[in-house]
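Chain naming here is simple, since letters A, B, ... match the order of the sequence lines and numbering starts at 1 in each.
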Amino acid sequence: MRRSAYFLPTLKETPSEAQIVSHRLMLRAGMIRQASAGIYSWLPLGFRVLKNIERIVREEQDAAGCQEILMPTIQSADLWKQSGRYEDYGKEMLRIEDRHGREMLYGPTNEELITDIFKSAVKSYRDLPKLLYHIQWKFRDEVRPRFGIMRGREFLMKDSYSFDLDYEGAKEAYNKMFVAYLRTFARMDLKAIPMEADTGPIGGNLSHEFIILADTGESEVYCNRDFVDFDVLGSDVEYRDVEGLATIVDHFTSLYACTDEKHDAAEFERRVPEDRRHVGRGIEVGHIFYFGDKYSAPLGAFVTKPDDSQVAVHMGSYGIGVSRLAGAIIEASHDAAGIVWPESIAPFKVGLINLKAGDADCTRVCEEIYGQLRGAGIEVLYDDSEERGGAKFAEMDLIGLPWQLVVGPRGIKQGVVELKQRRGGDRQELSSESALARLTA
RNA sequence: CGGGGAGUAGCUCAGCCUGGUAGAGCACUACGUUCGGGACGUAGGGGCCGGAGGUUCGAAUCCUCUCUCCCCGACCA
């Protein structure tokens with residue numbers, strides 16, 4: 001993509017409403033634009049990031065055997081009345097009336113709808129287990145939206161739902177998602193710690209929140225510091241290996257880690273040595289629940305067992321805040337100059353800077369490199385604009401692409417270009433061939 | 001929902017107290033000088049001062065109502 005043609009409205013100054021760093025940087029980097037309180041438009045750069053996050057989430061859900069569907073944003077109130085949540089959810093649920101006076105709502109979550117879909121299709125234990133998910137916009141009419149997309153009213157969420165015959169089966173599904181979540185966040189270079197959590201209005205009694213430690217987080221958390229050193233999972237996970245999954249989950253739940261609702265001071269002190277105690281704040285990026293028959297019973301999702309008896313299916317639900325992750329990743333990875341994207345999330349891998357757009361040699365070399373990078377399938381933002389060098393450097397640092405390739409008249413005289421790594425700032429001068437080799441390796 | 005704050009150019013803000021026909025910096029346009037870490041000069045363009053009422057000869061400024069946004073708290077992916 002050529003910078004001169006790209007819709008990238010970056011800001012030098014920070015809009016006054018933004019308080020936390022991720023919100024400030026997202027606005028300054030031209031990723032998002034506020035439409036109204038807690039509701040945002042995603043501009044090209046931000047949208048690419050959102051799509052990358054979504055892609056990783058999708059790949060890991062698919063790998064875990066979860067099947068993607070797509071449910072609507074607008075739902076009928078009927079199912080919610082059956083489950084009892086039409087009243088329970090309160091004012092956070094955006095209620096809508098259509099032209100015929102029918103009560104509708106903008107879905108804050110999808111347990112009711114998925115249960116209804118499931119029950120109409122599945123009647124026998126032979127069809128279990130099932131794991132379904134979708135990635136769809138949700139709306140929760142928060143009293144006080146804040147922190148940009150981190151607590152918006154409209155947000156993109158991946159929500160999965162598991163259906164099993166009994167608790168043991170449901171626990172397997174829970175473990176699968178637990179492991180899938182570890183892998184998902186690891187691929188985003190995030191240290192997300194699974195913590196015992198309260199279940200809130202979703203209900204149920206087995207639940208973990210995946211929390212990124214950050215001072216700007218909204219959750220108060222208590223955990224063993226050793227978690228920070230826990231190894232990220234390797235690439236090979238065999239999801240059919242039930243014992244193996246349980247072992248991983250046991251390992252990641254062996255240390256004390258609780259959100260404030262579940263925190264028990266005495267237990268904390270008993271299980272965690274004083275110098276290992278971490279008390280701080282965190283950002284919730286995922287939440288998994290087992291809730292048994294909370295929805296299947298009232299909504300009538302029963303299956304026939306081998307002995308011909310009927311049983312309400314055991315369910316769990318598993319959420320990842322896809323849009324929130326964009327902010328959370330920035331909170332976890334930035335410096336004074338701007339965003340530092342993990343390579344898996346970066347909107348482009350390389351920023352190619354033409355330091356002197358009017359110079360024939362610079363432009364020729366840039367065009368060659370640009371063509372070759374694109375030919376190699378590398379996503380590159382080529383700053384071919386007439387801006388001065390300093391402005392280009394500053395903007396490139398702000399938007400945080402992992403690699404910057406700088407082509408200037410000074411280097412060209414010596415036959416070199418400069419390759420700079422955004423994280424850490426290491427730079428080296430080398431021939432454009434070697435630079436290309438490095439980037440396409 | 002309680003408490004606080006703010007709406008003036010695309011952005012950051014001044015002007016308001018003490019009413020008199022709208023300002024700065026950045027951004028934008030043109031030209032010139034510059035050009036390896038957000039340059040400088042000159043000349044421009046851009047505003048129903050959030051909205052509605054009221055007071056007044058006259059309202060960005062005073063009064064009333066209203067809408068929106070932000071912050072702290074309680075609540076939440």
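- Where stacking is scored as ring centres under 5.5 Å apart with planes under 30°, A:Phe155 registers as stacked on the base of B:rA77.
- When each of A:Lys356 and A:Glu284 is assigned the nucleotide of RNA chain B bearing its nearest heavy atom, the one mapping closer to the 5' terminus is A:Lys356.
- Between A:Glu218 and A:Gln404, the residue anchored nearer the 5' end of RNA chain B, judged by the nucleotide with its closest heavy atom, is A:Gln404.
- With rounding to whole Å, A:Phe147 atom CZ is found 15 Å from B:rA77 atom P.
- Distance check on atom P: B:rG54 versus B:rA60 gives 15 Å, rounded to whole Å.
- A donor-acceptor contact shorter than 3.5 Å is absent between the side chain of A:Ser160 and the backbone of A:Tyr133.
- Of the candidate nucleotides B:rG38, B:rC70, B:rA77, B:rG38 has the atom nearest to the side chain of A:Arg28.
- Taking only side-chain nitrogens and oxygens, A:Arg144 comes nearer than 4.0 Å to OP1 or OP2 of B:rC72.
- Side-chain atoms of A:Lys91 lie closest to B:rC1 of the nucleotides B:rU12, B:rC1, B:rC70.
- Using a 4.0 Å cut-off between charged side-chain N and carboxylate O, A:Glu331 and A:Arg324 make no salt bridge.
- Here the P atom of nucleotide B:rC72 and the CZ atom of A:Arg281 are 11 Å apart, to the nearest Å.
- The aromatic rings of A:Phe210 and A:Phe185 sit tilted relative to each other, their planes meeting at an angle between 30° and 60°.
- For B:rC72, neither phosphate oxygen OP1 nor OP2 lies less than 4.0 angstrom from any side-chain nitrogen or oxygen of A:Gln19.
- The aromatic rings of A:Tyr290 and A:Tyr167 stand perpendicular to each other, their planes meeting at an angle above 60°, with 30° marking the opposite boundary.
- Side chains of A:Met31 and A:Ile339 form a contact here, defined as non-hydrogen atoms less than 4.5 Å apart.
- Following rounding to the nearest Å, A:Glu387 (CD) and B:rC28 (P) show an atom-to-atom distance of 7 Å.
- In this structure, the nucleotide among B:rC70, B:rG38, B:rG10 sitting nearest to the side chain of A:Ala394 is B:rG38.
- Between A:His287 and A:Phe289, the ring planes lie parallel to each other; the angle is under 30°, not in the 30° to 60° tilted range.
- Candidate nucleotides B:rG38, B:rU12, B:rC75 were compared by shortest atom distance to the side chain of A:Glu142, and B:rC75 ranks first.
- Summarising the base pairing, B:rA22 is matched to no nucleotide, lacking a Watson-Crick or G-U wobble pair whose two defining distances lie under 3.5 Å.
- In this entry the distance linking CZ of A:Arg146 with C1' of B:rA77 reads 14 Å, nearest Å.
- A:Val322 comes within contact range of no nucleotide atom at all, as no heavy-atom separation falls under 4.0 Å.
- Atoms CZ (A:Arg388) and C1' (B:rA27) sit 16 Å apart, rounded to a whole Å.
- Nearest nucleotide to the A:Ala391 side chain, out of B:rG38, B:rU12, B:rC1: B:rG38.
- Going from the C1' atom of B:rG45 to that of B:rG50 covers 24 Å, rounded to whole Å.
- Look at CG on A:Leu355: it is 12 Å from P on B:rG38, rounded to the nearest Å.
- Atoms NZ (A:Lys392) and P (B:rU34) sit 19 Å apart, rounded to a whole Å.
- Side-chain proximity of A:Pro409 to B:rG36, B:rG25, B:rC75: nearest is B:rG36.
- Base pairing of B:rG7: its partner is B:rC67, meeting the Watson-Crick or G-U wobble criterion (both donor-acceptor distances under 3.5 Å).
- Each of B:rC69, B:rA77, B:rU12 was ranked by its minimum atom distance to the side chain of A:Ser36; first place goes to B:rC69.
- In this structure, A:Phe393 places its CZ atom 9 Å from P of B:rG36, rounding to the nearest Å.
- If you check every strand for non-hydrogen atoms under 4.0 Å, A:Lys420 touches a base.
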